[in-house]
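Numbers restart at 1 for each chain; the letters A, B, ... are given by sequence-line order, proteins then strands.
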2 protein chains.
Amino acid sequence: MGAGEDGLNRGFMALADPVRRRIIARLSTGPATVNDLAAPFEISKQAISKHIQVLEQAGLVTRSRDAQRRPVHLDAAALELLTAWIDRYRLVHEQQYRALDAVLASDGRSAPATNPGTTTAHGTSTSEEES
Amino acid sequence: MGAGEDGLNRGFMALADPVRRRIIARLSTGPATVNDLAAPFEISKQAISKHIQVLEQAGLVTRSRDAQRRPVHLDAAALELLTAWIDRYRLVHEQQYRALDAVLASDGRSAPATNPGTTTAHGTSTSEEES
DNA sequence: TCGTTGATCAACTGTGTGGTTGATTACGCT
DNA sequence: AGCGTAATCAACCACACAGTTGATCAACGA
C-alpha cells in the first residue's frame, strides 16, 4: 500500500540488474525455489537470496512456505505499476510531439526548426509532482 | 547500437532515482535547459548535469545545441523499449496464470491449490535468454 | 575587451550495492 | 538422535553512484 514514491525507486532499481531480470524471466513461467533460481548462474546461492530479497522488497515477488523450501512467485501487479509510470510520460510526450507537428504543418511562417524552444513549458508548472 | 543488454541496465537504473524521474516528467511537456531542470531542486547544478549524463547514456534523452545552452529533450522510443521488456514477462505470466485457472476449473481431482508447484516449468528451459 | 551566464570538468567524500566466505536455523529422512 | 538439504544471517571487501566544492571552457552582451 502507499509505496507511491519509494516503490518506484525499489521497483526500477530491482530491474536494473541482469541477474534479477533473468530471475523475473524465469519466474514468469512459474514459481521456483532459490536453488532452482541459482542453478543457471555462476554466483553463490547467498547472492541469489539477496537478489530475491531485493525483488521482494520491491513487491515484484512474494514467497510462500512449503516445508523447508520457500517457493518464489512473480507478482504481475507490481510490474504493471512500473509500466504505468513509464507509459504516462511516454504518452504525454508523444501527444505533445504530435501537437508540435500540427503547428509546424499549419503555420510555416519564419525561423525553421533550428530553435527547439529553450525555455518553454512554464505554464502548467505545478504539474511536476509524482503520482 | 545493439544495447540490448546494457541498455536495459542503464535504462532501468536511470529510472531508479526520484530526481531523474522528475526530470523525465518535466521533459515530457517539452525540452528544457539544465538551469530550468535544476531550478525546482535543492541540489547543485553540477549534480543535475550528472543526472542528465546518466539519462543521456541510457538513451532516454538527447542534447542539441542552441548558442551556449544545450536544451535536453526526451526520447520516447527508449522508454518504449523498457515498457516492452516489462510487458513481455508480465503478459507471459498472466497467460500462464490463466492456464492454471483453466486446469483447476476443468479437473478438481485431488490436492487443492495449497501446493503452488515448487519445481515446475522445466520444459522450455532454453527460453531464459534476454532479448 | 571585459564581465556575465550556461554548462561542464576535476577531485574528493559518504553511502549503498553486489559479491564473497563462514556459521546458523529449520525441516525432512532413516 | 543424527545427517543431509534448503535457506538465511552476519561480517567483510571492492566498487560504483550521488552529492559536494572549486576551477575551467564557451558563447553572448555592453
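- Both Lys45(A) and Ala67(B) sit near DNA chain D, but only Lys45(A) has its closest nucleotide nearer the 5' end.
- Rounding to the nearest 0.5 angstrom, the gap separating the CG atom in Asn9(B) from the CD atom in Gln57(B) is 12.5 Å.
- At dT5(C), none of the side-chain N or O atoms of Asn35(B) fall inside 4.0 Å of OP1 or OP2 (strictly under the cut-off).
- Dashed line: the shortest gap from a side-chain N or O of Ser49(A) to OP1 or OP2 of dA7(D) is not under 4.0 Å.
- Heavy-atom distances to DNA chain C give each of His51(A) and Arg70(A) a nearest nucleotide, and the one nearer the 5′ end belongs to His51(A).
- The CZ atom of Phe41(A) sits 14 Å away from the C1' atom of dG18(C) (whole-angstrom rounding).
- Considering all non-hydrogen atoms of both residues, Trp85(B) and Ile24(A) come closest at CH2-CG2, 4.2 Å.
- Remark: Asp75(A) CG to Leu27(A) CG distance equals 11.5 Å, nearest 0.5 Å.
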List the protein contact pattern of nucleotides 10-17 of chain D with one symbol per nucleotide (5' to 3'): B for base contact, S for sugar-phosphate-only contact, - for none; contact means a heavy-atom distance under 4.0 Å. -B-----S

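- Once rounded to the nearest 0.5 Å, the distance linking OG1 of Thr29(A) with CG of Leu74(A) reads 10.0 Å.
- In terms of modelled atom types and a separation under 3.5 Å, the side chain of Arg20(B) and the main chain of Leu15(B) share no donor-acceptor contact.
- For Arg10(A) (side chain) and Leu60(A) (main-chain N/O), no donor-acceptor pair under 3.5 Å exists by modelled atom type.
- Taking atom CZ on Arg21(A) and atom P on dG18(C), their separation rounds to 12 Å, with Å as the unit.
- Here the C1' atom of nucleotide dT17(C) and the CG atom of Asn9(A) are 14 Å apart, to the nearest Å.
- An OP1 or OP2 oxygen of dA6(D) is reached within less than 4.0 angstrom by no side-chain nitrogen or oxygen of Thr33(A).
- Put simply, Arg69(A) has no side-chain N or O that comes within less than 4.0 Å of OP1 or OP2 on dG28(C).
- Contacts of residues 52-59 of chain A with DNA chain C (heavy atom under 4.0 Å): none.
- With hydrogens and angles ignored, the 3.5 Å screen pairs a side-chain donor or acceptor of Arg70(B) with a backbone N or O of Gln68(B).
- In this structure, Ile48(A) and Ala38(A) approach most closely via the heavy-atom pair CG1-CB, 3.6 Å.
- Closest-nucleotide positions on DNA chain C for Gln68(A) and Ile43(A) were compared, and the one nearer the 5' end corresponds to Ile43(A).
- Checking side-chain atoms of Arg63(B) against main-chain N and O of Val72(B) turns up no donor-acceptor pair under 3.5 Å.
- Between Ile48(B) atom CD1 and dG19(D) atom P the separation is 8 Å, expressed in whole Å.
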